[in-house]
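Note that the structure is predicted; figures quoted are calculated from it, not measured. No hydrogens, no waters, no symmetry mates; every other heavy atom, side chains included, goes into these values.
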Amino acid sequence: MDRRSGRSTGDMSKGTKMGSSESGRTAKALNCGAEFPEVVPLNIGGAHFTTRLSTLRRYEDTMLAAMFSGRHYIPTDAEGRYFIDRDGAHFGDVLNFLRSGDLPPRERVRAVYKEAQYYAIGPLLEQLENMQPLKGEKVRQAFLGLMPYYKDHLERIVEIARLRAVQRKARFAKLKVCVFKEEMPITPYECPLLNSLRFERSESDGQLFEHHCEVDVSFGPWEAVADVYDLLHCLVTDLSAQGLTVDHQCIGVCDKHLINHYYCKRPIYEFKITWW
């Protein structure tokens with residue numbers, strides 16, 4: 001009990017807690033309604049930057065413009081810098097675009113693209129999408145869009161290789177992959193100058209040519225200029241992107257007899273997936 005005030009210590013403690021929480025709410029309210037300085041100090045995940053307020057507000061429909069509009073609370077660090085809990089490794093590239101429209105070099109395009117997505121900077125996203133490697137990736141994805149179950153089969157390659165490596169306690173695993181562009185079978189008597197054999201066949205005859213090669217995974221057929229080697233490149237690229245070491249080689253053809261003098265002749269590739 002405080003004799004001078006007539007209030008108990010517990011009441012004073014509660015009052016202190018209430019006062020501190022009220023001051024915290026007041027500080028947030030002031031931050032939300034406060035006008036920012038013309039020169040804004042920033043702390044992006046521990047990386048320090050300084051820029052003009054007008055730079056952050058350059059494009060209205062961005063996350064940065066909304067954050068520094070005065071409508072939202074932004075925490076500050078011990079030095080008074082406005083803090084954004086995001087890796088700041090490529091924030092400098094974002095600022096350079098907002099300042100003068102500068103674009104990053106090719107090796108940083110993908111990383112900066114992710115930052116532009118996070119901060120919702122539409123103009124930067126549009127320009128990066130027209131740069132390599134993102135522009136080429138759009139073309140590649142258009143080709144892979146013709147491939148039935150490409151992603152599912154890619155995951156199947158990884159899963160089969162993982163299971164075989166675990167079962168055999170081995171560094172690597174091998175599996176057979178069939179990659180064929182055209183459904184048509186060919187024969188050993190076919191003229192080698194022809195790219196494919198075209199012939200008329202009924203629907204019932206077509207069933208005689210349908211079969212599954214004795215492999216782990218098959219890709220094809222597809223209709224595009226891109227050939228088997230282009231798809232193999234896609235497979236190696238996407239498997240390598242998962243941190244896997246990938247080797248492959250052609251080990252022959254299916255050579256399954258279908259009907260009369262027609263044989264499968266789809267190429268078979270051996271993929272070697274190394275885990276460590």
Take atom [atom1] of [X] as the centre, draw a 6.0 Å sphere, and report whether it contains more than 12 heavy atoms from other residues, nucleotides or ligands.
X	atom1	value
Asp85	CG	no
His233	NE2	no
Glu214	CD	no
Glu159	CD	yes

Kindly say whether [Y] contributes a backbone atom to a donor-acceptor pair with the side chain of [X] at under 3.5 angstrom?
X	Y	result
Asp230	Asp227	yes
Lys181	Ala224	yes
Arg99	Thr55	no
Asp216	Val177	no

Met67 and Ile84: CA distance, side-chain angles, deciding distance, side-chain contact (heavy atoms from CB on, under 4.5 Å) verdict: CA-CA 10 Å; Met67 290 178 67; Ile84 298 177; 3.6 Å; yes
Would you mind reporting whether [Y] and [X] have side-chain heavy atoms less than 4.5 Å apart?
X	Y	result
Asp238	Gln242	no
Trp222	Leu231	yes
Glu223	Leu146	no
Cys264	Val253	no
Thr62	Leu98	no
Pro133	Arg106	yes
Trp275	Leu244	yes
Tyr150	Leu235	yes

Evaluation steps, side-chain contact (heavy atoms from CB on, under 4.5 Å), between Leu42 and Phe91: CA-CA 10 Å; Leu42 300 169; Phe91 189 75; 3.8 Å; yes
I'd like to know if [Y] and [X] are part of one continuous hydrophobic network [Ile/Leu/Val/Met/Phe/Trp/Tyr, side-chain heavy atoms within less than 4.5 Å].
X	Y	value
Val217	Phe180	no
Val228	Val215	no
Val94	Leu134	yes
Tyr113	Val139	no
Tyr149	Leu232	no

Pair [X] + [Y]: basic N to acidic O under 4.0 Å:
X	Y	answer
Asp87	Lys114	no
Arg86	Glu115	yes
Glu137	Arg140	yes

Residue pair Gln117, Leu125: steps toward the side-chain contact (heavy atoms from CB on, under 4.5 Å) verdict: CA-CA 7 Å; Gln117 287 179 313; Leu125 288 170; 3.6 Å; yes
Mutual orientation of the aromatic rings belonging to Phe97 and Tyr59 [parallel < 30°, tilted 30-60°, perpendicular > 60°]: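 Phe97 and Tyr59: parallel rings.
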Geometric class of the Phe219/His153 ring pair [parallel <30°, tilted 30-60°, perpendicular >60°]: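 Perpendicular.
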What is the distance from atom [atom1] of [X] to atom [atom2] of [Y], rounded to the nearest 0.5 Å?
X	Y	atom1	atom2	value
Leu128	Ile121	CG	CD1	9.5 Å
Gln167	Arg164	CD	CZ	8.5 Å
Ile74	Asn43	CD1	CG	12.5 Å
His90	Arg110	NE2	CZ	13.0 Å
Thr51	Glu38	OG1	CD	11.0 Å
Lys176	Glu270	NZ	CD	8.0 Å

Could you pull out the closest heavy-atom pair between [X] and [Y], with the gap in Å?
X	Y	result
Tyr82	Pro37	OH-CD, 3.8 Å
Gly46	Phe83	N-CE1, 4.4 Å
Ile268	Cys254	CG1-N, 3.8 Å
Arg266	Cys178	CB-SG, 3.6 Å
Ala165	Ala173	N-CB, 4.0 Å
Pro104	Met131	O-CE, 3.4 Å

With Lys272 via side-chain contact (heavy atoms from CB on, under 4.5 Å) - residues at least two apart: Phe172, Lys174, Asp247, Thr274
Thr50, Ile44, Val40 screened by side chain to side chain contact (heavy atoms under 4.5 Å, CB included) with Arg81, the one that passes: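 Passing option: Thr50.
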By side-chain hydrogen bond (donor to acceptor under 3.5 Å, both in side chains) - contacts of Ser100 (at least two apart): Asp102
Ile273/Ile160 under side-chain contact (heavy atoms from CB on, under 4.5 Å): CA gap, chis, key distance, verdict: CA-CA 10 Å; Ile273 310 295; Ile160 292 174; over 6 Å; no
